[in-house]
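Here the structure comes first, spelled out in structure tokens, and everything after it is commentary.
Chain A is the first sequence line, chain B the second, and so forth, proteins listed ahead of strands; every chain is numbered from 1.
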Amino acid sequence: MTSFNDEDAFEAASLPLSQRAMGATMGARAAPYLDGLNPAQREAVETLDGPVLMLAGAGTGKTKALTSRIAHLLTTGSARPNEILAVTFTNKAAREMKSRVAGLLGEAIEGVPWLGTFHSICVKQLRRHAELVDLKSNFTILDTDDQIRLLKQLIVAEGIDDKRWPARMLAGLIDSWKNRAWTPEALPASEAGAYDHKGGKIYAQYQERLRTLNACDFGDLLLHMVTIFQQHPDVLEQYQRWFRYILVDEYQDTNVAQYMWLRLLAAAHKNICCVGDDDQSIYGWRGAEVGNILRFEKDFEGAKIVKLEQNYRSTEHILGAASGVISGNKGRLGKTLFTESKGGEKVRLIGHWDGEEEARWIGDEIESMQSGTRGMNPIGLNQMAILVRASHQMRSFEDRFLSIGLPYRVIGGPRFYERLEIRDAMAYFRLITSPSDDLAFERIVNTPKRGLGDKAVQKIQVMARSNGLSLLDGAKLLLETKGLGGKGAKELAKLVDGLDRWGAAARIGDMSHIEIAEMALEESGYTEMWQNDKTPEAPGRLDNLKELVKALEQFENLQGFLEHIALVMDNDTEEASEKVSIMTLHGSKGLEFPAVFLPGWEEGLFPSQRSMDESGVKGLEEERRLAYVGITRAETLCTISFAGNRRVYGQWQNALPSRFIDELPERHVEILTPPGIYGHQAGSASDMLDALGGSDLHEAAAKANVYNSPGWRRLQDRQASRGSTSSGMGVTIEAQAVSSFSVGERVFHQKFGYGEITALEGDKLDVAFDKAGDKKVIGKFLTAADSAGDVPF
DNA sequence: AGCCTCCTAATTTTT
DNA sequence: TTAGGAGGCT
């Protein structure tokens with residue numbers, strides 16, 4: 001089949017009428033993707049030239065628009081496949097786009113667009129131009145583990161107490177510097193002083209080490225390409241000519257380095273189409289700059305802004321609730337989602353006594369929804385999700401679901417390729433393909449145990465360094481010079497010999513890479529190590545190793561496998577069985593479920609206290625966007641809940657309902673009454689108390705405290721005044737919580753725990769905390785503690 | 001070298 | 001509460 005382009009259209013015009021009619025039909029069939037688009041989507045798809053910002057709210061069909069745009073570029077002949085660059089953040093998104101583009105085009109187009117993650121595309125580029133940043137094109141990509149081990153060596157060498165200054169912390173810092181496109185030379189002095197005044201220095205050393213190791217970390221992939229583009233205009237021009245049209249997904253998540261890379265590439269032709277939603281920017285803590293999307297019009301003059309606001313996912317109540325919450329943020333680009341679907345259930349809101357009860361209630365609710373006893377059609381478990389703010393919240397659900405036998409799946413746990421045994425195995429593979437991979441050598445030299453402890457490894461390192469050799473070669477030399485004795489020497493010789501043989505086998509090629517991998521794992525004693533391991537995880541690890549070997553089948557050789565795996569660490573195995581999904585709010589972005597539960601909406605937990613402490617209003621706004629993302633995951637049923645008491649790090653703490661609850665527009669919310677003894681009618685706080693009867697005094701007092709909390713009272717008031725047209729949702733948490741404290745009063749602080757007020761200065765208070773000592777804190781972060789909350793029970 | 005015990009710290013996570 | 005790391009003991 002031929003492709004459709006301008007010439008075909010031109011030819012069609014000169015054809016006899018009958019054939020012209022046929023051509024027209026074919027034309028229509030060639031662009032069926034345009035038919036299913038609404039006017040806004042269509043505009044975003046058809047505006048091919050110049051900068052376009054597609055502001056796509058949740059559930060407004062942005063992937064559809066994006067893929068249709070690619071199809072349109074191709075079918076109109078505006079671009080050949082390899083002239084299109086489409087970038088995503090995750091491999092999953094890239095896969096999805098690839099398959100959808102293929103679906104739209106059928107067989108019509110030959111060739112493939114450059115479609116991939118920022119990192120995978122940068123790797124391709126960097127392998128081509130590695131020498132420009134003093135690397136060889138076969139550089140290895142370090143994972144976080146390698147990175148931290150390397151940093152730790154530098155930190156120790158620098159004489160820093162790595163307990164006070166953990167390597168992780170520096171790894172995070174360096175990462176954030178790279179996200180902002182700061183090379184060691186460009187690092188602002190204000191930043192270089194971080195990490196015990198040595199941050200900048202160690203950063204430079206680290207980069208130097210990477211160069212000698214012929215390695216990169218993830219941040220480098222982008223940063224090196226930006227450097228190359230800036231220093232070698234000829235290279236940049238080549239890519240500018242090559243990629244005539246650029247598309248970017250999730251633009252609100254781009255960091256500075258990614259932004260610079262994009263700007264450089266688009267600088268000549270400005271044919272860049274960025275798709276994103278400022279309201280769904282939830283990765284600021286990882287370097288994403290909402291500013292990038294907010295500034296688009298200034299960055300690209302004459303940019304066309306298209307807003308996709310028609311939502312195809314959720315009911316009007318769900319959208320109304322989400323819109324209400326997000327409207328509390330300042331400086332938004334501003335979109336208003338609407339839907340043509342009317343009716344549906346309101347967002348349900350329910351308070352619980354504690355986290356366990358919340359889990360119990362949600363479990364029951366899921367079961368009744370599943371069986372259809374809720375007066376609705378039964379909903380399958382696959383159609384339901386529980387979205388939490390922090391992963392430790394998952395635990396109460398897992399406990400509960402295990403005990404009632406409700407099948408669930410946790411999404412976003414530790415990933416396959418990050419598991420210990422997989423990384424060990426891959427370190428063996430790395431050494432087989434590149435014997436000078438020192439980090440891999442360090443990792444497995446004593447795994448399984450070979451009697452090669454710190455002392456032996458140090459000897460190898462000294463030998464290698466003083467002779468300018470890799471660790472493996474250093475080890476060989478050490479053996480030759482008899483620098484190591486006894487059992488260690490014998491074992492090391494065995495390992496070195498093994499690595500030589502496996503490596504040779506891989507080069508000769510009369511064994512498949514799968515056989516070589518199996519041989520290495522077998523002869524090194526690695527498999528045996530787990531077979532002899534009596535811990536309960538061992539069988540699982542052996543299974544994983546088998547799975548790893550199986551994964552090799554899809555690759556030509558070990559090298560190809562390793563290169564692929566460095567960037568594609570995900571492993572979503574689409575499971576068919578019916579299970580409720582439990583995941584974090586972050587993990588839920590981009591997904592949708594008919595029924596969604598949003599538990600744990602409590603001040604301090606959500607919005608997260610830490611976020612607010614560290615990033616102030618910016619942090620709070622990001623939390624609010626997280627709330628918006630959560631609500632908009634739901635198609636038909638959204639249930640928000642909070643608990644008055646929660647065990648945090650073993651200590652019972654009480655909490656107020658989240659301020660986000662106040663921000664839900666009341667006409668879209670239905671307030672449910674908690675079940676059990678608290679459930680007798682829509683009672684007042686005192687009814688609630690009465691219902692408690694003469695149980696344990698502490699407990700009763702604690703309950704009284706919860707149900708007298710401003711948040712709970714507000715809920716009660718709201719329930720009482722339902723139907724009234726008052727729009728104001730009442731005073732915010734801050735306004736209420738800044739109530740007057742007095743010296744000597746017992747208070748509670750989310751971070752510091754319980755304490756006693758020792759002095760007052762306006763809204764700042766001196767508090768002597770039981771655990772955290774004397775602190776000066778702002779009143780709004782404190783709540784009054786009664787004796788009840790004080791006593792763990 | 002390996003096991004055991006004590007101490008500390010504790011969001012969100014992709015590549 | 002609990003998990004992971006570090007340091008100490010055998």
Output the single nucleotide from [options] whose closest atom is nearest the side chain of [X].
{"X": "A:Arg395", "options": "B:dT11, C:dA3, B:dT13", "answer": "C:dA3"}
{"X": "A:Ala390", "options": "C:dA6, B:dT11, B:dG2", "answer": "B:dT11"}
{"X": "A:Lys163", "options": "B:dT14, B:dG2, C:dA6", "answer": "C:dA6"}

Using a cut-off of 4.0 Å on non-hydrogen atoms, how would the nucleic acid contact of [X] be classed: base, sugar-phosphate, or nothing?
{"X": "A:Ile565", "value": "nothing"}
{"X": "A:Glu614", "value": "base"}
{"X": "A:Asn91", "value": "sugar-phosphate"}
{"X": "A:Phe89", "value": "sugar-phosphate"}
{"X": "A:Ser611", "value": "base"}
{"X": "A:Arg164", "value": "nothing"}
{"X": "A:Thr90", "value": "sugar-phosphate"}
{"X": "A:Arg647", "value": "nothing"}
{"X": "A:Gln258", "value": "nothing"}

Give a yes or no on whether a salt bridge exists between A:Arg659 and A:Glu603, defined as a side-chain N under 4.0 angstrom from a carboxylate O.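 Salt bridge between A:Arg659 and A:Glu603, a charged N being under 4.0 Å from a carboxylate O: yes.
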According to a cutoff of under 5.5 Å between the ring centres and under 30° between the ring planes, does A:Trp285 stack with the base of B:dT12?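 Here the ring of A:Trp285 and the base of B:dT12 are stacked, with centres under 5.5 Å and planes under 30°.
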Between A:Tyr239 and A:His129, is the gap from one ring center to the other below 6.0 Å?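 Yes: the rings meet the under 6.0 Å criterion.
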Taking only side-chain N and O atoms of A:Arg415, does any of them lie within less than 4.0 angstrom of OP1 or OP2 on B:dT15?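 For B:dT15, OP1 or OP2 has a side-chain N or O of A:Arg415 closer than 4.0 Å.
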Would you indicate, yes or no, if B:dT13 has its OP1 or OP2 atom less than 4.0 angstrom from a side-chain nitrogen or oxygen of A:Thr584?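 Looking at the OP1 and OP2 atoms of B:dT13, one of them is under 4.0 Å from a side-chain N or O of A:Thr584.
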Has A:Glu398 got more than 12 heavy atoms of other residues, nucleotides or ligands less than 6.0 Å from its CD?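 Buried by this count: over 12 neighbours within 6.0 Å.
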